Amino acid sequence: MTAPAADAPRYDFRTAEPGWQAEWERRGSFHVEDVPADGRPKYYVLEMFPYPSGKIHMGHVRNYTLGDVVARYKRARGFAVLHPMGWDAFGLPAENAARERRTHPAQWTWDNIAAMRAELKRMGLSLDWAREFATCDPAYYGHQQKLFLDMLAAGLVERRESWVNWDPVDGTVLANEQVIDGRGWRSGALVEKKQLSQWFLKITRFAPELLAALDGLDRWPERVRVMQANWIGRSEGARLRFALAAPTDGIDSVEVYTTRPDTLFGMSFLAIAPEHPIAAAVAARDAQAGAFIAECRRMGTSEAVIEATEKKGYDTGLRVRHPFLPDATFPVWIANFVLMEYGTGAIFGCPAHDQRDLDFARKYGLKVPPVVLPPGEDPAGFAIGATAYDGPGVMVHSGFLDGLAAPEAAKPAAIAELERLGVGEGVVNWRLRDWGVSRQRYWGCPIPVIHCEACGVVAVPEAELPVVLPADVSFDRPGNPLDHHPTWKHVACPSCGRPARRETDTFDTFVDSSWYFARYCSPHAAEPVTRAAADHWMPVDQYIGGIEHAILHLLYSRFFTRAMQATGHVGLDEPFAGLFTQGMVTHESYRGADGRWLYPDEIDKRGEQTAVHRETGEPVTIGRVEAMSKSRRNTVDPGAIIDRCGADTARWFILSDNPPDRDMEWTESGVVGAYRFTQRLFRLAETVAALPAAGSVPDSFSPASRTLRRATHRAIAAVTEALESFAFNVAVARVYELANAIGDAEKAPDTDDLRWARREAAEMAARLVSPMMPHLAEEILARLRPGSPLAVDLAWPDSDAALAAAETVTIAVQVLGKLRGTVEVAPGAAEADVLAAAEADPNVARALEGKRVVKRIYVPNRIVNFVVAGPA
RNA sequence: GCGAGAGUGGCGGAACGGUAGACGCAGCCGACUCAAAAUCGGCCGGCGCAAGCCAUGGGGGUUCGAAUCCCCCCUCUCGCACCA
């Protein structure tokens, strides 16, 4: 794009934007107290804080623009708005940079923060920068260590030997939630299974209320609540014990969890997870079993996904007795599709009514006895083919269950019988697992415990917090530098004083982001949160961020808030009253003649469909519109856009393009259009400002003036409504309409009353755009009303309903629901008059000719509909 | 497979059950200009000379009236998924 021409009088954003930013800062316009004394109601606006990668990207621009519109609008509506910003500053990229570039993670991180802060400030966001913090600062993470110790004391933390997901590339453990399709969510490496001693936060203790409280989050997107409910995964079933026909290695029974105890008579086999203790016992004397288990472990969780249908098993030779059929026994298999982490790590296989069990049974030639008869099926002829039947039906071949409806009547009956026999009981099971937070990394918050040979695990005394990361570390070898450090981990046991060892694991960085929103309430406090500040500001009234955090971050934060409530740090359980999830920013992708990806600024577009390389002139293939990513080089640098067009243009385009919860496409023409509008609005206002100043309110207004005032007051009402409902693209459209009306008024004869109306319109236009284009709004207002308060300090304007009301309304006239004409009438005109006018319309009259009107529908100020029948 | 959401001009999208396509982008015509940019004016769903007809993924239904409500189907997006 060419630089804007320099002649015509123009809005000079290059001067105006930094100027207003400095003025807001000088006035402390966006500062609020931890515990405010003024009586304004509070409103807490928060956007998900960024990872300091070094540069802001368009996703940030969209996120922070959306939040800023809300913050500025609420502020104008009289709220004291808390709108903070900080840095999610721990994490692996800093260590990767250290290894690759020989910089220190701290240096790299703080440099990135400085660069990104400068970029964010250029956006003109209404942030209280006095509240800024970074999670890698001991002043932050020391308090996190305190929260952990309090949770430890409250029994919300546990150290456990457990199977973990090991990411061999990152050299670290991943939470189950961080394994995506069997690969590490960050490195993409195939995840292996490994046993380690780990710290766990007991999120499962809150599973019931984390699920139940979702109902109360009525300002959250429905789909996020559904995703969380599925993740928590409550199921009702039974736990029961199968006795081994012949006890082995001191084990005499296998415990199974099932959601379908009603299908127990359809049992064909029992299957256990490869990690199950019985599997280990069998493997100890059966090399083949051991080989099969090893194969499963190598496959990890990933192979199962790659070969979704490939179910494999190994017959242990063991057999179990059926609880309801004392004479029958069933084989025990080790199966690769049974998960040790879910339920009890063992299932009973009912192939007729479970597809996975059926696939397994068919592969190994096991029996498939049906026990649930689908409605309308003949009991004699019913058999299972390639598809298991998991629908409702009537129990058959099931002893005491025969004739009962499955599952609703049969399930409780089966559970009652299990309980009567003392071999099982009804239970509620959860999919959610405890949150493993240990990471074998340097650049994270140290876990504040000490391991002593004599005393075991000892908490670091509070007086010694924070446990600070050592600065002198080397990244010459793989693994955790804290572990390699010559002195750091060697300490005296706080309990007995003998030599002991510091925990060298650090926290999952999701811990850092699970309470930062609370810290913002009192970011400089000597305790994690000042109760009075948190009581005042929490919960976050409007949280805004990407849908990619729908489960992990939001669920952890909900858990952490409950844990902080349990330990007395806050007085509430839900951190985010309102949640808005924005869509991604996308862009066309381009490939050169050699097939390599090209950045948008390396090409020149020639029309919609064609483009050439800017330097070589070679043809460029225009690819799909996709999420901006470095690998596809379809990114646009926000800094460059702000340099060229200004922050207001970038903000305006982002808001105008489409509804904010959908993916938006970043286009050059869209940016240019937005830039043009900043100039147009400025010019319209300048024209008004150049007119002689208007005096007091005129006694009467001409039709042209009334038309303009109507547009003004309708715009106020419409923009207000749109902003309230996150319909920012609609708010933008209403501003365009007002601008068009102001432009129309320039053509009308210049009268005193019209000048007054034009000033009113231009001033309101500036105030209506001020949440969206705050710099331009200030600039216009300062020119229209020198010496007036800043736009940022003005209350949101009210629409005068009388002025907004129409002088005439257009009523659509339908005959049998088809539009045949329109009539202009006064608002609230009498029904008889309107109907008469409608029938008088020539077009309508023609449509009614020769017909009998059987009904006349009249909706005041809206529509008339004549229902006619046959000839008169 | 389960769950959620979405299908409207060339594009992004508007639309309390009441004139479908607001507003913008792109495009076309014109004015201004030596010329261009910028700006301003006009046109802009399809068919039709017109009257009008057809149009909100497809098919039914409710209603005086349906993009909107109900049922069935198709497509797409997102999430979840050996979860027993």
Side-chain angles (χ1 to χ4, degrees), chain A residues 2 4-8 10 221-231 233 235 237 256-261 263 271 301 304-305 307-311 335-339 341-350 353-357 359-360 390 429-432 547-548 550-551 581 583 607-608 653 656-659 661-665 667-670 672-674 676-677 679-680 683 718 722 727 729-737 739-740 743 746-747 810-822 843 846 854-859 861-868:
Chain A
T2 49
D7 38 34
R10 284 189 167 270
E222 172 69 16
R223 62 175 177 151
V224 173
R225 291 190 289 170
V226 169
M227 276 192 251
Q228 293 222 346
N230 289 342
W231 195 263
S235 67
V256 159
Y257 172 73
T258 179
T259 54
R260 293 298 301 272
T263 64
T301 50
V305 174
E307 292 185 279
T309 53
E310 185 64 28
K311 291 170 179 53
N336 65 349
F337 65 92
V338 179
L339 302 180
E341 298 83 6
Y342 189 81
T344 61
I347 64 162
F348 82 85
C350 176
H353 306 293
D354 182 289
Q355 191 60 43
R356 284 156 307 142
D357 296 350
D359 294 343
F360 190 79
D390 58 4
N429 196 44
W430 302 85
R431 179 186 179 278
L432 184 70
I547 187 73
E548 66 272 19
I551 298 176
T581 53
E608 284 284 284
F653 171 49
S656 67
D657 189 60
N658 66 352
D661 54 341
R662 298 196 201 167
D663 289 354
M664 77 162 285
E665 184 186 354
T667 60
E668 180 61 24
S669 59
V672 174
R676 253 196 320 253
F677 183 69
Q679 296 298 338
R680 177 158 171 248
R683 200 170 46 243
N729 57 321
V730 179
V732 166
R734 299 301 165 236
V735 171
Y736 272 108
E737 284 172 347
N740 290 343
E746 288 181 354
K747 289 162 223 151
T810 307
I811 293 187
V813 183
Q814 298 180 337
V815 177
L816 275 180
K818 282 195 185 296
L819 184 72
R820 294 301 171 191
T822 59
N843 235 350
R846 186 145 35 84
V854 296
K855 198 170 176 184
R856 293 175 176 81
I857 308 286
Y858 173 64
V859 181
N861 301 331
R862 285 272 178 196
I863 204 165
V864 169
N865 191 6
F866 295 107
V867 184
V868 297

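In what follows, chains are A, B, ... by sequence order, proteins preceding strands, each numbered from 1. Owing to the predicted nature of the structure, the values given are computational and were not obtained by experimental measurement.
- Neither OP1 nor OP2 of B/A81 sits under 4.0 Å from any side-chain N or O of A/Asn230.
- Among the nucleotides B/A51, B/C64, B/U19, the one closest to the side chain of A/Arg846 is B/A51.
- Of the possible donor and acceptor atoms, one in the side chain of A/Asp357 sits under 3.5 Å from a partner among the backbone N and O of A/Cys350.
- Of the nucleotides present, none pairs with B/A38 by Watson-Crick or G-U wobble criteria with both distances under 3.5 Å.
- One interatomic measurement links the two molecules: CZ of A/Arg662 to P of B/G13, which rounds to 5 Å at whole-angstrom precision.
- For A/Lys818, no side-chain nitrogen or oxygen approaches OP1 or OP2 of B/C64 to under 4.0 Å.
- Between A/Asn429 atom CG and A/Tyr257 atom OH the span is 4.5 Å, to the nearest 0.5 Å.
- Residue A/Pro221 is classed as having no contact, given no heavy-atom separation below 4.0 Å to the nucleic acid.
- Counting non-hydrogen atoms under 4.0 angstrom, A/Val854 reaches nothing in the nucleic acid.
- Residue A/Arg356 has no polar side-chain atom (N or O) positioned under 4.0 Å from OP1 or OP2 of B/G1.
- Side-chain atoms of A/Arg820 and A/Val813, non-hydrogen and from C-beta on, never get closer than 4.5 Å to each other.
- For A/Ala739 against A/Phe677, the heavy-atom pair with the smallest separation is CB-CE1, 3.7 Å.
- Using atom C1' as the reference point in both B/U77 and B/C82, the two lie 25 Å apart (nearest Å).
- Per the geometry, CZ belonging to A/Phe866 stands 22 Å off P belonging to B/U63, to the nearest Å.
- If you check every strand for non-hydrogen atoms under 4.0 Å, A/Ser235 touches nothing.
- The A/Arg862 side chain lies nearest to B/U19 when the options are B/A22, B/U19, B/C40.
- The 5' end of RNA chain B is approached more closely, in terms of each residue's nearest nucleotide, by A/Asn843 than by the other of A/Asn429 and A/Asn843.
- If you check B/U19, B/U39, B/C64 against the side chain of A/Arg683, the one that comes closest is B/U39.
- Contacts of A/Thr258 with the nucleic acid, taken as non-hydrogen atoms under 4.0 Å apart, involve only primed sugar atoms and P, OP1 or OP2.
- The interatomic distance linking A/Gln814 (CD) with B/A20 (P) rounds to 7 Å, in whole Å.
- Here B/G17 sits opposite no nucleotide as a Watson-Crick or G-U wobble pair (both hydrogen-bonding atom distances under 3.5 Å).
- Smallest separation of non-hydrogen atoms from A/Val732 and A/Ser656: CG1-CB, 3.5 Å.
- For the atom pair CD1 (A/Ile811) and CD1 (A/Ile863), the distance works out to 9.5 Å, reported to the nearest 0.5 Å.
- Across all strands shown, B/U33 forms no Watson-Crick or G-U wobble pair with both key distances under 3.5 Å.
- In this model, the phosphate group of B/G65 is not approached by any side-chain N or O of A/Asn865 to a distance below 4.0 Å at OP1 or OP2.
- In terms of heavy atoms, A/Arg431 sits closest to A/Asn230 at CD-O, 3.6 Å.
- For the pair A/Ile547 CD1 and B/G3 P, the interatomic distance rounds to 19 Å; values are reported in whole Å.
- Each of A/Val867 and A/Gly743 lies near RNA chain B, and the nucleotide nearest A/Gly743 is the one positioned closer to the 5' end.
- In this structure, A/Asp357 reaches neither bases nor backbone, as no heavy-atom distance under 4.0 Å exists between it and the strands shown.
- For A/Ile863, taking side-chain heavy atoms from C-beta onward, the closest of the listed nucleotides B/U19, B/C23, B/C83 is B/U19.
- Looking at the side chain of A/Arg676, the nearest of the listed nucleotides B/C25, B/G41, B/G12 is B/C25.
- Partner assigned to B/C23 is B/G12, using Watson-Crick or G-U wobble distances below 3.5 angstrom.
- Across B/C80, B/C23, B/A14, the shortest atom-to-atom separation from the side chain of A/Glu737 is found for B/C23.
- OP1 or OP2 of B/U39 has not a single side-chain nitrogen or oxygen of A/Arg10 nearer than 4.0 Å.
- Under the Watson-Crick or G-U wobble criterion, with both distances below 3.5 Å, B/C78 is paired with B/G3.
- Checked against B/C80, B/C82, B/A22, the side chain of A/Arg431 finds its nearest nucleotide in B/C80.
- A/Gly345 and A/Val338 get closest at one heavy-atom pair: O-CG1, 3.5 Å.
- Here B/C83 presents its P atom at 19 Å from CH2 of A/Trp430, a figure rounded to the nearest Å.
- Rounded to a whole Å, the OH atom of A/Tyr257 is 9 Å from the C1' atom of B/C83.
- Checking B/U56 for Watson-Crick or G-U wobble geometry (two distances, each under 3.5 Å) identifies no partner in any strand.
- One P atom belongs to B/U68, the other to B/G18, and the distance between them is 11 Å to the nearest Å.
- A gap of 25 Å separates the P atoms of B/C74 and B/C83, to the nearest Å.
- Among the nucleotides B/G18, B/C40, B/A84, the one closest to the side chain of A/Ile857 is B/G18.
- Taking atom P on both B/A20 and B/G65, the two are 14 Å apart, rounded to the nearest angstrom.
- Look at the P atom in both B/U56 and B/G7: the space between them is 14 Å, to the nearest Å.
- Taking atom P in both B/C70 and B/A51, one finds a spacing of 38 Å when rounded to whole Å.
- Across B/A14 and B/A22, the matching C1' atoms stand 5 Å from one another, rounded to whole Å.
- The base-pairing partner of B/U63, taking Watson-Crick or G-U wobble contacts with both distances under 3.5 Å, does not exist among the strands shown.
- With a glycosidic angle more than 90° from 0, B/G30 adopts the anti conformation.
- Rounded to whole Å, the distance from CZ on A/Arg820 to C1' on B/A51 is 10 Å.
- Atom pair A/Trp231:CH2 and B/G3:P shows a separation of 19 Å (rounding to whole Å applied).
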**Request:** Would you please test A/Ile547 and A/Met227 for side-chain contact (heavy atoms from CB on, under 4.5 Å) and show each step?
**Result:** CA-CA 11 Å; A/Ile547 187 73; A/Met227 276 192 251; 4.0 Å; yes

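- A distance of about 15 Å separates the P atoms of B/G5 and B/C72, rounded to the whole Å.
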